Structure formats: C-alpha cells, structure tokens
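Within every chain, numbering begins at 1; the chains are lettered A, B, ... in the order of the sequence lines, protein sequences first and strands thereafter. Owing to the predicted nature of the structure, the values given are computational and were not obtained by experimental measurement.
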Amino acid sequence: MVRPHGANGETTMMQQIRNTWKELVEKELAIYATEVLGTAEALQGAPSLTVQKPPKPELGDVAFPMFAYAKSFRMAPNKLAEILRDRLSAKSDLPIGELLVAGPYLNVRVDIAALATEVHQSVNREGDAYGCGDIFAGKKIMVEFSCPNTNKPLHLGHLRNDAIGESISAILKANGADVLKVNLINNRGVHICKSMLAYQKFGNGETPESAGIKGDHLVGKYYVKFAQWEKEDPGVTAMAQDMLKKWEEGDPEVLSLWTLMNGWTLDGVAETYKNTGISFDKYYYESNTYMLGKDTVLQGVRKGVFYKEDDGSVWIDLAEINLDKKVLLRKDGTSLYLTQDIGTAISRHGDWPFDSLIYVVASEQTYHFKVLFHVLEKLGYPWASDLHHLAYGMVNLPEGKMKSREGTVVDADDLFEQLTLLAMSEIKEKERENAVGDVRATSEAIALGALNYFLLQVNPMKDMVFNPSESISFSGNTGPYLQYMGARIHSMIRKFSEVAKDYEGIAFDGSLLSLQEERELVKLIAGFGEVVQEAGRDLNPSAIAAYLYELSRLFSKYYHDHPILKAPSAPLVRARVSLVSMVLQVLRNAYALVGIPFLESM
RNA sequence: GCGCCAAUAGCUCAGUUGGAUAGAGCAACAGCCUUCUAAGCUGUGGGUCAGAGGUUCGAAUCCUCUUUGGCGUACCA
C-alpha cells in the first residue's frame, strides 16, 4: 500500500482554517479546565477535539461537538459550548469568523469574503493544477490495469477496469506521485491456442480486411468457434495443450500464426483504447516474462522454497498463510498464470524500481494476488510488501449477470457505439447541431463521459449494475449532466468576454458574494484539494464523482435563481463571473480525474 | 465445507477518524421557459440502514452471532 506523507503534506485552505480554530478551542478548553478543575489533567482521559462539518449551512461551517467533555467538566455540553463561545469571543486576537452555539456544538462561521479572495487567487494562480497536492510527492507508483487477452475483444468488465486504472493514475499524479501506467498483454497460454486452432481449422485465410471487421472481433469469433467445436469433439482440448507445448518449444509454424493473430487483436484493442481515452506508458507481454517466471520458480526449488512432485510439477505449500498447496509449474514444464506473474513483477521492479505497484484487477482474483505476493516474499524480494491489489467488483446488467456462454457479454465497442448514437439523436432532437459543430465528435465525448462517470461513481470494491440507457440519460446524476454544467459556464464566460472591456477597471470583490449559494460554492471550491487527497489516500475515484455532482448541482441552482451576466451592479457581475469561472476551473480539473471530457458546447 | 466481500427508499447508488432530523438520482405526482442552452430548476410522497445482541453520552458506521447474496477455494486466466 502506498503510504502518504505525514505532516509534510501541504494543507488546503479549509484545513488551515479548521486547524487554526481547533487549536484555539483546544487551548481554551485546557485553560478553562485549569481554572475550574484546578488542572488540565482532567481532560487527559477525554478524546481529542473532533472537528466536523455542520449538516446545514445555517449552523456554520466548522463544528466542534462538546459531548466528550461533558463528563470531565460535569456540565451539559450545551452549557460548555456557550461558555467557550463567550470566553473565546472576548479575545482580541481571534481570526476572522464568527462563533456560534447550536445545542451541544460550538460552531464557527468562516469569513467568506476572506476565503473567497484567497480561493480566487489560488485558482487563478494554479489553474489546471488547482486541487493538486503533494501527499505522494517523491513516490514512484506503478499502476497495472486493463490486461486484455489476445483472444477476444474488450467487454464491459474491461471498461470498468480501464476507467478505474486511468482514474487512479490521474488521482495519484494529482497527489504528487510519479506514476507509470502499465499494461500486461495476456498473449500466451492454453486459451490463446484455442482461437489459433479454430482458425487453423475453419479460418480459410480470413483476415480483418477480408472480413471487414476489427481484428479483435475476428479472433474472438474463432475463440467462440473453438468452444462449439470442443463440445462436438472433446478431443480437441488436448490439442490446445499440445499446441501450447509446441509454442513454448518455439515451433515456427505455431509462432507465425500466433504473431499474426496477436497482431490482429492488439490492433483492434488499440482502437478501442483510443476511443475510450485509455493509454499506457509501458506494455508488458506475458510471452516475454513467463520464462523469467519459470527460471525463478526453478531457482526457488533449489532454494527449497518450493518442492517438486514425482510427476515433475512444482508446488508451494501455503500452510503458513492458512491456504492450501498451489502448483507453480505443470508436470509438462509449461508455466501458469501465477508463474508468469512472478516473472512480470520481477522484471517490472528491475525496469523501474517502484515504491508501490498497484494491480487493478477484479476481486475474483483476490486469492491469486494473496498467493503471488506471498510467493515473492518467500523468494526474498523485499519489495513484495509494496505490491497492492486494488480489487473491484463485478459489473452486472439490469437483466442479471453477463455470461459468455449465453452470449450476454456486452462488447465494449458495441456499447460505445450505442451510447454515441443515443447522444447524437439527443443533439438532433434538441436542434443543437449547429451549436456543437462536430456532432459525431461531441457525441463520442458525451458517450465517454457518461460511461466513465457511471462506472466510477460506484465505490470500486462493490459489485454494480450497469444500465446503458440510464448512464447516458440526459437528466439526473449522470456524466452528460456534469458536462452540461461545464458547457453552460463556458457559454456564459464567452458571452462575458464580449463585454469584458466594460469591466476592466473593476477588481474582484469577494465580500459581494453573500448569498447562501455563493458561500457554499466558495467553500466547495476551497475544499476540492481535500477531496483529491481523500480519493488518493483511499484509491477511490467515486469521491471525485460525488464531489463533481455536488458542485454541479449547487451551481445549477445558483445560476438558475440568480443572474450572473445581468447582475444588478457591475462589481457584482465581476464577482459572480469570477465565481463561476472558478467553478468551471474546478469542474475541469475534476473531470480530468474521472475521464469526463470537457465540452465547450453541447 | 472453508475463506474473502457485500446487504441503506420500489430501482441504481452516496454516506469513515462513531455526532445534529440518514442523502441523491431514476420511477410516480404537482409546478416553472417573451429572461445567461429546460440536457435545467422547485415541491410532494417514499426508510425496521438485512436481523439479534454488545461497546458508547451517542452506532448505518466499531465488535459478536444469525440470515441472504456474490466471488474464490483448477496442472484455467
């Protein structure tokens, strides 16, 4: 697991404000304890002062519950809150802000004018970097995700994997990490041989060009064909195993077919990546790393970490971690999933000595990674403790589970096209063709935002139901809604720029932002950095998604109820335009973390 | 059988250092467009936070047990 920096981390504006008040309240509590109880020791038993956010804005912006001290002071928490408010309010060197009591809570209303001014400066100064922090500064973090098989195209499950991997990488970078995104192409093994055998038997020299379909889909067709063939003639299963043996022995004919078909699949997959905004810094191929895995396992046998059965297979006994025995090499000497992952990990650490390697892989493989990490530790690699499995749950459909046998697996390309077409028809229905310009490109951006947002708004750990039509729905908590808010602000700013010269002499005045919605917006903007930290610490993109929705919803209500460009006075127009510009900057920065394209118009 | 994970509104999901009346969206119903893009805004109804115990001033949140569901426990990946 990645360890964030401790106190070195830069604190955000809201954190600073909270910390300042917290220290003040703590100090006053201690002084008061000394006065009435004779000693501050009485507070030792009580937990340290907790800081929270009041549930309603009317109650203030920062809250200190007094429950925990009631016992020490033998006083109702309400009374204690009042006393502390009175004592603190009497001080002359208080930071700006207002103390109030709400029942058993001592709350602080922060000075929005000052905060707005500070936020305005930060957002303008930092721009696209606003919200970024340094809790992972100096850390080299490798993130593995996607990892397609070369015998079929990507499906909906990969899309969740890709979305999480891409988002986590962006979030870690935003927290200062040096991130290397890596893919592992699963291009060898019995399953790969299956599509090759079927192609040999039924292919008739068909190619993606001659068939007019993407290479990954073509190869996938033969993988499915093999399954049918296998049903009719169970003997072919052994043929696949024989072919794998030949492949590992370097049989030229097998290798040339393998190269050809792998190329087809990878070309097709590359196109899907391009459409869905996925990219990698480095590709690993199991065909290149499995030998290192095999050698390492054999070394392990010599070291006595593993043992060989009479039939030649190699095993590890996992009693130490309360698991069973696990095979590492087959009796025919060919390697397995685990074997090649050992080689891959070692070769990666050699290439780029990471502080952490995060595997974004479905939770069904939790056991596999537990074993893998243990094996590497037993082999004596000190970095084995830096490996982390980010498990995510399954993606189901409203109709139930996706089952390849029943053909209910949702193909990634088909889904993306379907979403794009829905977006296109919506643009046409709203007669926005001229406004958006390139309808196809805009529709693809909407489809992508819809897809990523839907997939990322759910906590990765949980299984989820993916509803395609709901994801692209243009009303409600969806990607298109978020994009729409960005487009609306962009449109306002464009209109403002036409008259900007009339406002040249007018400076931003934060004290004019006195509406409830404005206070809330300023606070939300100020709190973005904390959300980025939280998302990084927990490896959880859904924190960003939730923030985006909250900010968008609040902005939406704000501009609906209050004029921006036609605000009653020029200074107010300036202040409000500046505020919504800040909202846009933060929206864009947050979009970038969850794969939502920014659209100037939609 | 054993292990890991989950369970919050009819549906999909938020909700962590334990804290104020548990929140959104969809669906339903009712309003709002001569006004910065109505892909919007507002309101109404809707909850045994799976159940039972426990810890605590205070539990959706922590602990124990139970129930239900998912996943795993391959010489597949």
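For the OP1/OP2 pair of B:A38 and a distance below 4.0 Å, the side-chain nitrogens and oxygens of A:Arg488 include at least one atom meeting the criterion. In this model, the phosphate group of B:C41 is approached by a side-chain N or O of A:Ser556 to a distance below 4.0 Å at OP1 or OP2. Taking only side-chain nitrogens and oxygens, A:Lys370 never comes nearer than 4.0 Å to OP1 or OP2 of B:U73. The side chain of A:Tyr367 places no N or O atom within less than 4.0 Å of a non-bridging phosphate oxygen (OP1 or OP2) of B:A77. Proximity of A:Lys462 to the phosphate of B:A14: a side-chain N or O atom is located under 4.0 Å from OP1 or OP2. Applying the 4.0 Å criterion to OP1 and OP2 of B:U37, one finds that A:Lys495 has a side-chain N or O inside that range. Listed pair A:Ser475 / B:A39 fails the phosphate criterion, with no side-chain N or O lying under 4.0 Å from OP1 or OP2.
For the pair A:Lys56 and A:Gln241, both in contact range of RNA chain B, the more 5′-proximal nearest nucleotide belongs to A:Lys56. Where A:His560 and A:Met492 each meet RNA chain B at their nearest nucleotide, the meeting point lying more 5' is that of A:Met492.
You'll find that the side chain of A:Tyr484 is closest to B:A38, out of B:C57, B:A38, B:A77. For A:Lys566, the side-chain atoms get nearest to B:C36 when compared with the rest of B:A39, B:U12, B:C36. Residue A:Asn459 has its side chain nearest to B:A14 when only B:A39, B:A14, B:C13 are considered. Considering only the side chain of A:Met464, B:C13 comes nearest among B:G19, B:C13, B:U73. For A:Asn107, whose side chain is taken as the heavy atoms from C-beta onward, the closest listed nucleotide among B:A20, B:C41, B:A74 is B:A20. Comparing B:G19, B:A77, B:A6 against the side chain of A:Met461 picks out B:A6 as the nearest. Considering only the side chain of A:Pro54, B:A20 comes nearest among B:C41, B:A6, B:A20. If you check B:A77, B:A24, B:U37 against the side chain of A:Arg553, the one that comes closest is B:A24. With distances taken from any side-chain atom of A:Pro65 to the nucleotides B:A39, B:C75, B:G19, the minimum falls on B:G19. For A:Ala68, taking side-chain heavy atoms from C-beta onward, the closest of the listed nucleotides B:A20, B:U12, B:C57 is B:C57.
By the rule that a glycosidic angle within 90° of 0 means syn, B:C33 counts as syn.
Residue contacts shown for A:Asn78 are absent, as no nucleic acid heavy atom lies under 4.0 Å away. Nucleic acid contact class of A:Ala487 (heavy atoms, under 4.0 Å, all strands): base. Using a 4.0 Å heavy-atom criterion, one finds that A:Leu336 contacts the sugar-phosphate atoms exclusively. A:Asn149 comes within 4.0 angstrom of sugar-phosphate atoms only, judged by non-hydrogen atoms across all strands, and of no base. Heavy atoms of A:Ala63 sit under 4.0 angstrom from at least one base atom. In this structure, A:Lys557 reaches the sugar-phosphate backbone alone: every heavy-atom distance under 4.0 Å involves primed, P, OP1 or OP2 atoms, never a base. At the heavy-atom level, A:Gln365 lies under 4.0 Å from base atoms of the strands shown. No engagement by A:Val371 is indicated, since no non-hydrogen atom pair under 4.0 Å with the nucleic acid exists. Residue-level contact check: A:Lys71 touches the backbone only, with heavy atoms under 4.0 Å from sugar-phosphate atoms and none from bases. Counting non-hydrogen atoms under 4.0 angstrom, A:Val190 reaches nothing in the nucleic acid. Heavy atoms of A:Pro55 sit under 4.0 angstrom from at least one base atom. Backbone-only engagement by A:Met394 is indicated by non-hydrogen atom pairs under 4.0 Å involving sugar-phosphate atoms exclusively. Among the heavy atoms of the strands, none lies under 4.0 Å from A:Ala391. Among the protein residues, A:Tyr481 comes within range of the sugar-phosphate backbone only, with heavy atoms under 4.0 Å from sugar or phosphate atoms but none that close to a base.
Salt-bridge annotation for A:Glu23 and A:Arg18: absent, with no side-chain N of the basic residue lying under 4.0 Å from a carboxylate O of the acidic one. Ion pair A:Glu518/A:Arg576 flagged as a salt bridge, since at least one NZ, NE, NH1 or NH2 atom sits closer than 4.0 Å to an Asp/Glu carboxylate oxygen.
A:Asn477 and A:Tyr453 share a side-chain donor-acceptor pair at under 3.5 Å. For the 3.5 Å distance criterion, the side chains of A:Thr339 and A:Asp341 fail to qualify, holding no donor opposite an acceptor. A:Thr237 and A:Glu230 form a side-chain donor-acceptor contact under 3.5 Å, judged by distance and modelled atom types alone.
Here, B:U17 and B:A28 have their C1' atoms 40 Å apart, quoted to the whole Å.
Here A:Arg160 pairs with nothing under the salt bridge (charged side-chain N to carboxylate O under 4.0 Å, His left out) rule; sequence neighbours left out.
By the 4.5 Å heavy-atom criterion applied to side chains, A:Asn149 and A:His191 are counted as neighbours.
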- Query: Can you give the dot-bracket line for RNA chain B, where a pair is Watson-Crick or G-U wobble with both atom distances under 3.5 Å, crossing pairs use [ ], and | marks a partner on another strand?
  - Reply: (((((((..((((.....[...)))).(((((.......))))).....(((((..]....))))))))))))....
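The aromatic ring of A:Phe67 is stacked on the base of B:G19, with the two ring centres less than 5.5 Å apart and the planes inclined by under 30°. B:A24 has no stacking from A:Tyr549 on its base ring, since the centres under 5.5 angstrom apart and planes within 30 degrees of parallel are not both found.
In this structure, A:Tyr285 has its ring center no closer than 6.0 Å to that of A:Trp258. Under the 6.0 Å cut-off for aromatic ring centres, A:Phe555 and A:Tyr559 qualify, their centroids lying closer than that. Ring centers of A:Tyr105 and A:Phe64: at least 6.0 Å apart, outside the cut-off.
In terms of polar N and O atoms assigned as donor or acceptor, the side chain of A:Asn477 never comes within less than 3.5 Å of the base of B:C13 in a complementary pairing.
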